[in-house]
There are 2 protein chains.
Amino acid sequence: MKKMKRQPTHPGNIIKKDYLEPLSLTITEMATTLGVSRKTLSKILNERGTVTPDMALRLSRAFDTTPDLWLNLQKNYDLWQAEHSSKEWLRVKPLAKQLLHSNI
Amino acid sequence: MKKMKRQPTHPGNIIKKDYLEPLSLTITEMATTLGVSRKTLSKILNERGTVTPDMALRLSRAFDTTPDLWLNLQKNYDLWQAEHSSKEWLRVKPLAKQLLHSNI
DNA sequence: ACATACGTAACCTATATGGTTACAATCAGC
DNA sequence: GCTGATTGTAACCATATAGGTTACGTATGT
């Protein structure tokens, strides 16, 4: 398991650099293709929006990928944010190892 | 990539069957350990709640796992739900293959 | 100058998360 | 049978998010 050292790439970046730009597609066009508003797509591309499961399915249809590709990117991004935005979770005390890893 | 045929296991099930029950921990105790309300944990265990990134971090601390373990379970569950709750995303037209997979 | 594309604010609606409190139901032990 | 512990959940609250429409200022290309 890899521990993320720096902020993971936001899915919006991949969409823009690996799809829209190479394909010369405008955001307006792409939003129409995806069946969402320009605002929704624009927010994702500018890292202010989230790839929801529904959006992942739409992207997977349009780009012939798995929906997991997009959800994994979003998941890693969200996890990194949660890890760094609050440290509250660090106060959770691990259950005793002998309790967890006993093979009785 | 595996296509899910049936509803993926909800993370709450795993928590209950693989952790709480074997360890004889009550929900009330576990909620306290995790630093969340009993309601929040109970909802997850009964498949009416979501493992958020923050909750995944708490679970990973308590159970000595990766947070990804829990987020992946939740992601697969959510994806399956989205796939089956609405079929809207199926109306997205795939971009032409020659457009997508040209190596120019 | 004009049309196109873009980011985003403002506004609205629907939904989700998580906390507290309270209540009814279940179950174990005495 | 009584008691206490545990649980699911409703009711209520505050906050946040997703997504839509409309409109505006700005930038860019022709």
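In what follows, chains are A, B, ... by sequence order, proteins preceding strands, each numbered from 1.
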Colleague: Counting only side-chain heavy atoms from C-beta out, which of D:dT9, C:dT17, C:dC6 sits nearest to B:Thr50?
Modeller: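 Among the listed nucleotides, the one closest to the side chain of B:Thr50 is C:dT17.
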Colleague: So, does the side chain of B:Arg48 form a donor-acceptor pair with the base of D:dG8 at under 3.5 Å?
Modeller: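 Under the 3.5 Å cut-off, the side chain and the base do not form any donor-acceptor pair.
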Colleague: D:dT6 P sits how many Å from B:Lys16 NZ, rounded?
Modeller: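 Distance, rounded to whole Å: 17 Å.
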Colleague: Choosing from D:dT7, C:dC6, C:dG19, which nucleotide comes nearest the side chain of B:Val36?
Modeller: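 Closest nucleotide to the B:Val36 side chain: C:dG19.
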Colleague: Distance check needed: C:dA16 C1' versus B:Asp54 CG, whole Å only.
Modeller: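 Distance, rounded to whole Å: 15 Å.
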Colleague: Which one, C:dT17, D:dT7, C:dG19, comes nearest to the side chain of B:Thr52?
Modeller: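 Between C:dT17, D:dT7, C:dG19, the one nearest the side chain of B:Thr52 would be C:dT17.
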Colleague: Would you indicate which nucleotide in C:dG7, C:dA5, D:dT21 comes nearest to any side-chain atom of A:Thr28?
Modeller: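 Nearest nucleotide to the side chain: C:dA5.
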Colleague: Determine whether the aromatic ring centres of A:Tyr19 and A:Trp70 lie less than 6.0 Å apart.
Modeller: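 So the answer is yes for these two rings.
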Colleague: Could you tell me whether a side-chain N or O of A:Ser86 sits under 3.5 Å from a main-chain N or O of A:Glu88, the two making a donor and an acceptor?
Modeller: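 Yes; at least one donor-acceptor contact below 3.5 Å.
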Colleague: Output the rounded distance in Å from CE (A:Met55) to P (D:dG20).
Modeller: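 It works out to 7 Å between those atoms.
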Colleague: Find the distance B:Asn46:CG to D:dT6:C1' and express it as a whole number of Å.
Modeller: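 For the pair B:Asn46 CG and D:dT6 C1', the rounded distance is 13 Å.
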Colleague: Rounding to a whole Å, what distance do you find between A:Lys43:NZ and D:dA18:C1'?
Modeller: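 Whole-Å distance recorded here is 7 Å.
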Colleague: Measure from CG on A:Leu20 to C1' on C:dA5 and round the result to the nearest Å.
Modeller: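 The distance from CG of A:Leu20 to C1' of C:dA5 comes to 13 Å, rounded to the nearest Å.
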Colleague: Within the supplied structure, the quantity of interest is the number of heavy atoms (other residues, nucleotides, ligands) at a distance under 6.0 Å from A:Lys87 NZ; does it exceed 12?
Modeller: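 More than 12 heavy atoms, drawn from other residues, nucleotides or ligands, come within 6.0 Å of this atom.
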Colleague: How do A:Ile44 and B:Ile27 order along DNA chain D: which one's closest nucleotide is nearer the 5' end?
Modeller: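 Its nearest nucleotide lies further toward 5', so the answer is B:Ile27.
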Colleague: Given D:dA23, C:dA5, D:dA11, identify the nucleotide with an atom nearest to the side chain of B:Lys39.
Modeller: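 Within the option list, the nearest is D:dA11.
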Colleague: Check the distance between C:dT17's C1' and B:Leu34's CG and give it to me in whole angstrom.
Modeller: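 To the nearest whole Å, that distance equals 16 Å.
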Colleague: Starting the side chain at C-beta, find the nucleotide from D:dT21, D:dT6, C:dG7 nearest to A:Arg38.
Modeller: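 Closest of the options to the side chain of A:Arg38: C:dG7.
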Colleague: If you compare all heavy atoms of B:Gly12 against all heavy atoms of B:Leu45, which two are closest, and at what distance to 0.1 Å?
Modeller: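 For B:Gly12 versus B:Leu45, the nearest heavy atoms are O-CD2, 3.5 Å.
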Colleague: So, do B:Asp78 and B:Lys75 sit near enough that their side-chain heavy atoms are less than 4.5 Å apart?
Modeller: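 No, too far: nothing below the 4.5 Å cut-off.
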Colleague: Just N and O in the side chain of B:Thr40: are any of them under 4.0 Å from OP1 or OP2 of C:dT17?
Modeller: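 Looking at the OP1 and OP2 atoms of C:dT17, neither is under 4.0 Å from any side-chain N or O of B:Thr40.
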Colleague: Looking at B:Ser37, I'd like to know whether one of its side-chain N or O atoms comes within less than 4.0 Å of OP1 or OP2 on C:dG18.
Modeller: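 No, outside the criterion.
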Colleague: Given atom CG of A:Leu41 and atom C1' of C:dG7, what is their separation to the nearest angstrom?
Modeller: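 Those two atoms, CG and C1', are 12 Å apart.
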